[in-house]
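We're numbering straight along the sequence, starting at 1.
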Amino acid sequence: MKTAVISGGNGGLGRALTDGLQAQGWHVVALDIATDGLEAGAALTPVRVDLTDGPALARACAGIVAARPSIDLVVYNAGVSQIGPFGSASEESHRKVFEINYFAAVNMARGFLAPLRQSRGTHLAISSVAGFAPLVNRTAYAGSKHAMEGFFGSLRAEEAAHGVAVRIAAPSFVATNIGQGGRDADGIIRPGAAADGVDYMTPAEAAEVILRGLARRRDFIPVGRVARLAYLVNRASPALYQRLMRRKISGEG
């Protein structure tokens, strides 16, 4: 039984990816800050950890490597969003978004670098449309996802010599926590909680597209109609993309 490790494995998309991989015969190790509702079994190992606590994350990664016969897939799914203009956001909130969306993923990648080389496995980064195109009133979120894509795209070039694949999936709007974002004073919200999105997908629909792209060995997987169109339009005409994006997205959450 191959092993997949998923950060944010107890959230909407994380749970859907967990279910999808288990249906394909994988053992899933689900990392999250809260693991309520996840029951350990033959196909699932829940691991409770604060991904922004570097030493705790390193210990968790080492424990997983020691416990499993191989690590074959690592999915970097955990993240938060932030809605609001840059002028009213604090430096602390900007750093918090990066700690969760970018640095936690980088530290996880470091923890599983060697075992993925041994298994000739796969890194799978869950980015966003905001990882390759601008998104109004989401400067910290877009910045963190751009950084994530830059990191994993560069890691792909380094790890190819070791037989390791690096895939990037970019969902558009996944309806996981609509109206339940727990938005704080700095606009930080749970993923999938923004109410100003368009053409929402369910977590199960998004997971299906991601896993299909993974099976087809796609380096870049746009997830959903909006993601596919945004990718094409932004490449062809960034100015047109900006106009369409501002017209469709309020940036008010």
Side-chain angles (χ1 to χ4, degrees), residues 1-49 51 57-79 104-105 107-127 148 152 155-156 159-160 162-171 174 176 191-192 201-224:
M1 183 180 286
K2 290 186 175 182
T3 298
V5 182
I6 303 180
S7 67
N10 201 22
L13 181 55
R15 285 291 288 268
L17 287 167
T18 293
D19 292 343
L21 286 166
Q22 287 178 317
Q24 295 178 8
W26 290 75
H27 182 96
V28 178
V29 180
L31 281 70
D32 215 311
I33 196 166
T35 56
D36 300 343
L38 294 176
E39 295 187 9
L44 179 65
T45 300
V47 175
R48 184 176 180 179
V49 62
L51 297 169
L57 178 56
R59 289 192 297 271
C61 292
I64 293 165
V65 172
R68 300 301 304 168
S70 67
I71 304 297
D72 305 277
L73 171 67
V74 179
V75 184
Y76 308 89
N77 168 72
N107 288 335
M108 261 187 79
R110 182 176 290 111
F112 292 112
L113 195 69
L116 282 177
R117 287 178 177 178
Q118 291 171 5
S119 68
R120 300 175 74 86
T122 301
H123 298 271
L124 173 59
I126 307 300
S127 180
M148 186 188 207
F152 281 103
L155 186 66
R156 178 186 297 132
E159 292 304 294
H162 301 281
V164 175
V166 179
R167 319 289 186 200
I168 298 172
V174 180
T176 55
M201 304 178 71
T202 67
E205 290 169 339
E208 182 180 359
V209 173
I210 292 169
L211 295 179
R212 186 165 61 243
L214 184 66
R216 293 175 178 174
R217 300 182 179 181
R218 299 277 175 81
D219 283 345
F220 181 72
I221 309 165
V223 182

Listed by chain and number, what are the side-chain contact (heavy atoms from CB on, under 4.5 Å) partners of [X], not counting sequence neighbours?
X      : value
Ala207 : Leu13, Ala16, Leu17
Arg156 : Val166, Ile168, Asp219
Thr45  : His27, Val29, Val47

Which pair of non-hydrogen atoms, one from [X] and one from [Y], has the smallest distance, and what is that distance?
X      : Y      : answer
Pro115 : Val65  : CG-CG2, 3.8 Å
Val74  : Leu116 : CG2-CD1, 3.7 Å
Ala105 : Met148 : CB-CE, 4.2 Å
Ala30  : Leu44  : CB-CD1, 4.2 Å

Item to complete: For Leu51 and Ile33, run side chain to side chain contact (heavy atoms under 4.5 Å, CB included): C-alpha distance rounded to whole Å, both residues' side-chain angles, the deciding distance at 0.1 Å, then the answer.
Response: CA-CA 7 Å; Leu51 297 169; Ile33 196 166; over 6 Å; no
Practice prompt. Apply salt bridge (charged side-chain N to carboxylate O under 4.0 Å, His left out) to Arg68 and list each qualifying residue two or more places apart in sequence or on a separate chain.
Written response: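 For Arg68 there are no salt bridge (charged side-chain N to carboxylate O under 4.0 Å, His left out) partners, ignoring immediate neighbours.
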Discussion item. List the residues meeting salt bridge (charged side-chain N to carboxylate O under 4.0 Å, His left out) with Arg117, not counting sequence neighbours, and say none if there are none.
Written reply: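 Listed in chain order: Glu159.
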Mind checking the [atom1]-[atom2] spacing from [X] to [Y]? Nearest 0.5 Å is all I need.
X      : Y      : atom1 : atom2 : result
Leu73  : Lys2   : CG    : NZ    : 9.5 Å
Cys61  : Met108 : SG    : CE    : 5.5 Å
Leu113 : His162 : CG    : NE2   : 7.0 Å
Leu21  : Asp72  : CG    : CG    : 11.0 Å

Item to complete: Scan for side-chain hydrogen bond (donor to acceptor under 3.5 Å, both in side chains) pairs involving residues 206-216, sequence neighbours excluded, and state none if there are none.
Response: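 For residues 206-216: none.
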Worksheet item: Which pairs pass side-chain hydrogen bond (donor to acceptor under 3.5 Å, both in side chains) with one or both residues in residues 6-20, sequence neighbours excluded?
Response: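 Applying side-chain hydrogen bond (donor to acceptor under 3.5 Å, both in side chains) to every pair that reaches into residues 6-20, excluding sequence neighbours, yields Asn10-Arg15.
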Item to complete: Could you tell me whether the side chain of Asn77 and the main chain of Ile6 form a donor-acceptor pair under 3.5 Å?
Response: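 Looks like no, no N/O pair under 3.5 Å.
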Worksheet item: Okay, side chain of Ser119, backbone of Ile71: is any donor-acceptor separation there less than 3.5 Å?
Response: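 Looks like yes, one N/O pair under 3.5 Å.
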Worksheet item: Taking it one step at a time, do Leu31 and Ile64 satisfy side chain to side chain contact (heavy atoms under 4.5 Å, CB included)?
Response: CA-CA 10 Å; Leu31 281 70; Ile64 293 165; 3.6 Å; yes
Worksheet item: Can you name the residues that form a ring pair (Phe, Tyr, Trp, His ring centres under 6.0 Å) with Tyr76, not counting sequence neighbours?
Response: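 Partners of Tyr76 by the ring pair (Phe, Tyr, Trp, His ring centres under 6.0 Å) criterion, ordered by chain and then number, come out as His123, Phe152.
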Item to complete: Just jot down the side-chain hydrogen bond (donor to acceptor under 3.5 Å, both in side chains) partners of Glu205, sequence neighbours excluded, or say none.
Response: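 With sequence neighbours excluded, Glu205 shows a side-chain hydrogen bond (donor to acceptor under 3.5 Å, both in side chains) to Thr202, given in chain and number order.
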Worksheet item: By side-chain hydrogen bond (donor to acceptor under 3.5 Å, both in side chains), which residues pair with Arg110, not counting sequence neighbours?
Response: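 side-chain hydrogen bond (donor to acceptor under 3.5 Å, both in side chains) check on Arg110 returns Asn107.
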Worksheet item: If we only count heavy atoms from C-beta on, is the Ile210 to Leu124 side-chain gap below 4.5 Å?
Response: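 A side-chain contact exists here, since the closest heavy-atom pair is under 4.5 Å.
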Worksheet item: Could you give all pairs that pass the salt bridge (Lys or Arg N to Asp or Glu O under 4.0 Å) test and reach residues 24-43, with sequence neighbours left out?
Response: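 Applying salt bridge (Lys or Arg N to Asp or Glu O under 4.0 Å) to every pair that reaches into residues 24-43, excluding sequence neighbours, yields nothing.
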